[in-house]
Structure formats: structure tokens, C-alpha cells
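Take a look at the structure set out below.
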Amino acid sequence: MRLFADSIAQALAAQTGRPAAEFRIELPRDPALGDLAFPCFQLAKQLGKAPPALAAELAGAWKLEGITAQATGPFLNFRIDRQVLAERVVRTIEGEGVSYGCSREGAGQTVVIDYSSPNIAKPMHVGHLRSTIIGAALVRLHEQLGYRVVGINHIGDWGSQFGGLVVAIRRRGKQIDETNPVHGLLELYQWSKQQVESDPAFAAEAREAWRELESGREGEVRELWRHVTKVSLAGFEKTYRRLGIRHDLVRGESWYENMLQATFERVEKAGVVELSQGALVVTLGGVEKSLKETPCLLRQSDGTTLYATRDLAALFSRWEEFGFARALYVVGGEQKLHFRQLKGVLKRMSLDWEPRVEHIDFGLLLGPGRTKLASRKGAVLVLDDLLDEVVEEALRVVQEKNPEGANLAEIAEQVGIGAIVFNDLKRERIKDVLFDKQEILSFEGDTGPYLQYTHARLASILRKAEAASEGRAAPDWNGLGEAGGVLIALARYPDVVRSAAKNCEPSEVSQYLIQLAHELNNWYVGSRVLGQEPGITAARLALVRVSKSVIGNGLRVLGMAAPEQM
RNA sequence: GCACCCGUAGCUCAGUUGGAUAGAGCAGCGGAUUUCUAAUCCGCCGGUCGCAGGUUCGACUCCUGCCGGGUGCGCCA
């Protein structure tokens with residue numbers, strides 16, 4: 001949209017002698033009013049004029065090739081000549097192809113994104129889904145803007161519970177079902193927790209194992225812990241592949257174990273710590289009133305470290321290694337206090353890069369009736385099982401809709417995964433997600449499959465055109481039909497990507513794609529593409545081609561496949 | 001008790017950073033099919049934008065106070 005908004009702002013600037021930045025050009029409430037609009041209220045106030053009078057005055061003196069202006073009350077509405085609009089939008093997108101929406105504004109800067117971060121020895125359950133999907137989308141959004149992105153998987157591989165697990169393996173043997181390693185580990189993990197509670201000898205052995213692990217000594221315990229880590233990661237990898245997730249660095253909490261001492265020293269040197277009931281704390285009331293009652297605990301009275309210690313160590317390490325422009329933590333809203341405390345400590349240390357650290361929080365994933373979806377009577381809703389179930393349903397639908405089609409299993413995988421990803425990204429992050437299986441499996445309305453289906457139909461038109469050798473004529477841009485809504489939407493895409501990245505809000509892309517698909521479906525239901533006069537078909541085909549390109553770009557940014565057939 | 005977040009149609013959500021007559025999807029009702037793939041499209045029904053003040057030319061949007069729901073709150077992660 002900048003394509004047109006910038007030239008309008010410049011024309012208004014030239015006309016009034018004021019800086020172009022003062023003219024914020026927006027979309028009218030009702031598209032029938034115009035393609036773009038300038039509300040005259042603020043400028044009128046500054047000039048001491050009535051807004052409608054100013055709008056009329058500006059409209060009277062308006063002159064810009066291809067764009068007309070009309071005053072409607074206090075608004076100045078612009079309408080772009082349909083031929084100019086079509087030609088410029090289509091040519092721009094055709095020229096840029098898959099990089100339409102990309103820019104270089106982040107070039108030379110690094111964004112570190114911490115996401116997914118499951119715990120070792122437990123399967124990824126639906127609770128990890130949101131961090132994984134949102135984080136991966138943020139990775140791609142920032143890549144689109146030219147940032148160097150470092151995706152980090154901060155896996156939970158440290159803590160006293162691993163003592164118990166090690167002992168469980170010692171007792172029950174190391175053989176873990178290789179085809180389903182995570183389920184096997186989960187069973188061991190649950191057994192070990194149970195043993196720790198019921199068997200004092202086991203508990204003592206577990207404590208001892210944890211002490212040994214933490215001591216850093218090489219030996220049987222460390223060996224077993226490494227084995228558990230390796231097996232777990234291999235299990236996660238399968239799920240990640242299905243979701244198209246790839247981390248640049250896998251650094252668990254253990255990775256920072258030898259930096260903890262330096263972290264204490266650094267914070268102590270800054271003179272912001274104090275002892276409270278034997279524990280080392282940083283009080284935060286001075287930098288943020290609402291944190292008065294909740295200081296950040298860095299060391300327990302027995303000398304051991306805490307979650308906050310390790311996260312602080314990780315943060316220092318990341319700052320030194322990457323000098324990031326942004327460090328994003330894609331972690332649920334339950335941990336909001338933790339990150340506010342972390343940032344509070346940075347503030348107290350007067351580190352000027354504190355604002356670059358952002359907690360990208362998100363709402364809970366809830367079951368029907370807003371009940372907690374986590375683990376029901378010990379039965380964890382394993383992510384892979386959920387993916388399987390949705391893909392199975394997708395296969396049933398795909399077979400029903402398109403019995404003759406090829407690669408149905410592959411398409412079902414794309415549709416099923418797409419449905420889950422889109423369901424997670426279509427609303428604002430902060431909102432809780434209602435995980436209604438019926439809704440996810442319906443594939444109708446504003447869903448991932450709806451977008452993919454729109455994409456597939458566009459692809460189908462292009463295939464037919466190719467087969468019939470249509471669309472070779474010079475396009476007649478006046479023959480597009482009612483395509484204004486589609487064209488305006490297409491022009492907006494780069495703004496949407498920029499804004500979504502800035503706000504860390506993939507839902508902006510989701511909402512945009514829904515709108516674009518609506519416009520598109522609306523348009524081509526009334527404007528047949530093939531078999532028209534050659535110039536008209538050529539123009540419509542071009543619109544189909546660029547629309548498919550933009551929808552495809554958008555879907556991939558969100559982490560969804562863009563199928564050619566469904 | 002304190003802190004933070006959420007509250008828009010029966011349900012799930014948008015609302016372009018304060019602008020024009022508050023919009024979608026689902027559900028319900030009624031239409032469109034010799035289909036460029038109906039996983040689509042069109043129409044109808046449906047609103048005290050939680051409540052009350054305030055700021056402003058203008059408030060769903062900003063401020064204050066309530067109400068309701070959620071999350072969290074020093075030796076867990």
C-alpha cells in the first residue's frame with residue numbers, strides 16, 4: 001500500500017507545504033468511499049479551518065496522475081484508477097515473486113528467538129504447541145524483513161527430577177523402545193516420580209544421582225543423562241519435521257551450567273543483590289512499583305541455583321554472543337512475572353539493552369468449556385497423537401471431496417497440520433485458544449483448509465490455462481471485473497508482514513489472509529477467467545497468478561503448506 | 001490480600017495504534033451447482049462494545065473506579 005499511500009502523502013505535502021509524514025493515509029471504513037483516505041481533523045485544527053472545508057479545499061486543488069480525490073465531509077477520499085491500480089500491483093508482485101513482502105530493513109541486525117523449549121523425558125504435549133507454532137512464525141516473519149534470526153530451543157534438561165530418572169533407568173534397564181522413545185521415557189519418568197514418593201531408598205539414591213550430575217563429574221550418571229537427552233531430542237525431531245520447525249541452536253538449561261558462578265559475580269559486582277533469609281535476591285520495587293512485593297530470587301539458601309539464575313545466565317550469554325536487536329521469549333503468560341523480574345534485574349543493573357528483551361506471551365490452550373487441557377488423570381494429550389487424529393480426519397475429507405486425486409496422504413498431512421497451525425495463529429496471541437476438536441476438524445469457514453483450498457483452486461485455474469495455452473495475449477487491465485478489493489488487499493501484504501513482525505503478532509497475517517481469500521473468492525465467482533476475450537483472460541490470469549503467489553507466501557510464513565491440489 | 005491479563009452478536013473472534021453507519025466465521029433460516037475443485041458464493045436473523053464516570057471536535061480504542069473471569073505471587077520450572 002506504500003506504493004500509493006506514499007505518493008498521495010507527498011502530493012498533499014507539496015500542495016500544503018507541510019511535511020509528508022504529517023499525512024497519515026488510511027483505509028476508508030467502507031471501500032465504496034474510496035481506496036485510501038486522509039482524515040482532515042488534525043490538520044484542520046492546526047490551520048484553524050473546519051475539517052470539511054479543508055477537505056473540500058484539498059480536493060479542489062488535487063492533481064495526481066491516476067488518482068482522484070473527493071471530499072466526503074471531513075474526509076478526503078482517494079480512488080486509484082482501476083487500470084493503474086491493476087497494472088502496478090500485478091507488475092510489482094510478478095517482479096518480486098516469492099520475495100514480495102520481504103524487505104531489507106532488518107539487515108545487519110540479529111533477532112534471537114527462544115521458542116518451543118520442551119522438557120526432556122516428557123513427550124511434547126499440546127501445551128508446547130503454541131510456543132512452537134508462534135515462535136516458528138516469528139522466526140520466518142523476521143527473516144522476511146532481512147534480520148539474521150537465531151532460533152533457540154531452550155530445552156528443560158536440568159533439575160533434580162533427572163536424578164530420579166537416572167535411577168529408574170539404572171533399575172529397570174536402558175532399553176527404550178526406539179520406535180517410540182518418548183512414550184517409553186515418559187513411563188520411566190512417571191515411575192521414578194512415584195518411587196521417589198513411596199520408596200525412601202529410591203529417593204535417597206535419586207538425590208545422590210542429582211548431586212553427582214550437578215557436580216559435573218563424568219561417569220555412569222552423566223552417561224545415562226546424556227542418553228536420555230539424545231533419545232528425547234530424536235523423538236522431538238520427528239514432531240518438528242512434521243510441523244516444519246528447525247531450531248538453529250539446541251541449548252538446554254544444562255548448557256549454561258558453567259556460567260552460573262560468573263552470573264552471580266556479575267550481579268553482585270553491580271551492587272544490586274542482598275541477602276534475605278539466607279537467599280540471594282534482587283529487590284525490584286525501585287525500578288517498578290508493582291514488583292515491590294516480588295523480588296527476584298537468584299540463589300537458594302542452600303547455595304543452589306534457580307530458574308531465574310539460569311535464565312539470566314542465558315540472557316547474558318546471548319547478549320555477548322549476538323548483540324541482538326531483539327531477544328524474544330515465546331513463553332506462556334503464566335510466566336509473565338518471571339520475565340518482568342528478569343527485566344527488572346537488567347534495569348537495576350542499568351543495562352541499556354533491557355528494552356530489547358521481550359516476553360512474547362500467549363494465552364492458554366483450553367479444552368471445551370474452558371477447562372484445562374493439560375494432563376487429564378495422568379493421560380497427557382501427546383502432540384503427535386493429536387496431529388495423527390486431525391490428519392486422519394483430513395484424509396477422510398480429502399478422499400471424499402477428491403476421490404480421483406493423487407498424493408492424497410500427502411495432501412491430508414498438509415491440510416491436517418495446516419488446520420492445527422492456523423487455529424493457533426488466527427487470533428491474538430494473548431487470547432486463550434479453545435481447542436475444540438469438532439471445530440478444527442470441520443475445515444469450513446475461516447480455517448486453514450479454507451485458505452489452502454483457495455490456493456489450490458487458483459493453481460487449478462493456472463493449470464487449465466496452461467493446458468489450453470490461454471493467457472498469452474497482452475492483458476487488458478480494464479477487463480478484470482470487480483477486482484478492486486483484491487488489488488487493494490494484495491497491495492497491503494508488505495505492510496502486514498512488517499507490522500506482524502514488529503508486534504510479534506502472526507495473527508495479523510492470518511486475518512489478512514482470510515480477508516484476501518474472501519475478496520478473491522468473491523471476485524472470481526463473478527469473473528470467469530478462462531475462455532474470455534484473450535486480453536481479458538490474460539489480465540485475469542495475471543491476477544490469479546499473483547494472488548496465488550501472495551497467499552502462498554503468507555501461508556508459508558505462518559508455517560503452512562500451500563497445496564497445488566486438494 | 002497484592003500484581004498482571006481478558007471482557008465486542010447465542011458461540012469463537014476481527015476492529016487498520018483516537019476517526020465515517022461496529023465487522024467476519026460457526027450455529028439457525030432461505031437461496032446459487034450442465035463447478036475455471038460447493039472445503040465455495042449470496043441473502044436473512046442476530047449488538048446497551050461488562051458497568052459508571054472522565055479526557056476529546058470525536059472513544060470499542062486513552063484515564064479513573066467498580067463488576068465478572070483467568071493467570072501469577074522468595075528458596076519449583
Side-chain angles (χ1 to χ4, degrees), chain A residues 1 24 26-30 33 37 39-42 44-45 50-51 72-75 77 119 156 158-161 253 276-281 288-302 304 306-308 310-311 332-338 340 361 363-364 366 370 394 397-398 400-402 405 415 426-428 430-434 436 438-439 442-447 449-454 456-465 468 470 492 495-496 499 503 507-508 510-512 514-515 517-518 521-522 524-526 528-531 540-541 544 565-566:
Chain A
M1 212 62 243
R24 213 170 59 87
E26 53 190 51
L27 297 174
R29 180 63 91 201
D30 180 356
L33 292 162
C40 297
F41 303 95
Q42 280 171 30
K45 197 170 189 178
T72 308
F75 290 87
N77 293 318
N119 293 320
W158 211 235
S160 53
Q161 69 271 30
E253 291 181 53
S276 168
Q277 298 160 38
L280 197 69
V281 305
E288 199 172 327
K289 282 189 298 271
S290 59
L291 292 178
K292 205 172 69 157
E293 309 290 336
T294 48
C296 183
L297 249 82
L298 289 181
R299 191 170 61 200
Q300 309 186 70
S301 44
D302 66 1
T304 54
L306 283 152
Y307 183 46
R310 298 193 278 277
D311 252 2
E334 310 92 274
Q335 296 195 33
K336 202 154 187 179
L337 178 60
H338 167 70
R340 290 208 300 145
D361 57 343
L364 265 37
L366 299 172
R370 295 199 175 265
V397 174
V398 167
E400 178 197 315
K401 303 283 183 185
N402 193 0
V415 171
K426 76 173 170 187
R427 48 209 133 201
E428 275 185 303
I430 197 67
K431 297 253 162 69
D432 292 341
V433 169
L434 265 84
D436 184 334
Q438 288 308 310
E439 205 176 304
S442 87
F443 302 151
E444 278 173 26
D446 290 348
T447 62
Y450 169 75
L451 297 175
Q452 291 174 321
Y453 179 65
T454 303
R457 286 184 70 173
L458 296 175
S460 172
I461 294 176
L462 293 175
R463 275 195 305 274
K464 292 215 155 105
E470 287 200 59
R492 277 179 52 216
D495 307 87
V496 172
S499 172
N503 299 330
S507 66
E508 291 183 25
S510 312
Q511 294 295 331
Y512 165 82
I514 286 176
Q515 202 212 325
H518 278 152
N521 281 315
N522 238 307
Y524 79 60
V525 117
R528 211 187 152 77
V529 176
L530 302 177
R540 292 182 179 177
L541 269 175
V544 167
Q565 298 178 57
M566 278 174 72

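Fair warning: this is a prediction, and the values are worked out from it, not measured in the lab. Sequence lines set the chain letters: A, B, ... in the order given, protein chains first and strands last, and positions in each chain run from 1.
- For the OP1/OP2 pair of B:C4 and a distance below 4.0 Å, the side-chain nitrogens and oxygens of A:Lys336 include no atom meeting the criterion.
- The residue A:Ala37 sits close to a base: some heavy atom pair falls under 4.0 Å.
- Residues A:Lys336 and A:Glu334 are not paired through a salt bridge, judged by the lack of any N-O separation under 4.0 Å between the basic side chain and the carboxylate.
- Among the nucleotides B:G19, B:C41, B:A77, the one closest to any side-chain atom of A:Asn522 is B:C41.
- Residue-to-nucleotide contacts include a donor-acceptor pair under 3.5 Å from the side chain of A:Asn77 to the base of B:A20.
- Contact check, A:Lys431 against B:G70: no side-chain N or O comes under 4.0 Å of OP1 or OP2.
- Within the nucleic acid shown, A:Arg24 comes within 4.0 Å of sugar-phosphate atoms alone, with no base atom in reach, counting heavy atoms only.
- Note: A:His518 and A:Tyr450 have tilted aromatic rings, judged against thresholds of 30 and 60 degrees for the angle between ring planes.
- At a threshold of 4.0 angstrom between heavy atoms, the contacts of A:Val525 are confined to the sugar-phosphate backbone, with no base atom among them.
- A:Leu530 comes within contact range of at least one nucleobase, with a heavy-atom separation under 4.0 Å.
- Nucleic acid contact class of A:Asp432 (heavy atoms, under 4.0 Å, all strands): sugar-phosphate only.
- If you check every strand for non-hydrogen atoms under 4.0 Å, A:Gln277 touches a base.
- Nearest nucleotide to the side chain of A:Val281, out of B:A20, B:G74, B:U40: B:G74.
- When the side-chain nitrogen and oxygen atoms of A:Asn521 are compared with OP1 and OP2 of B:U40, none of them lie within a distance under 4.0 Å.
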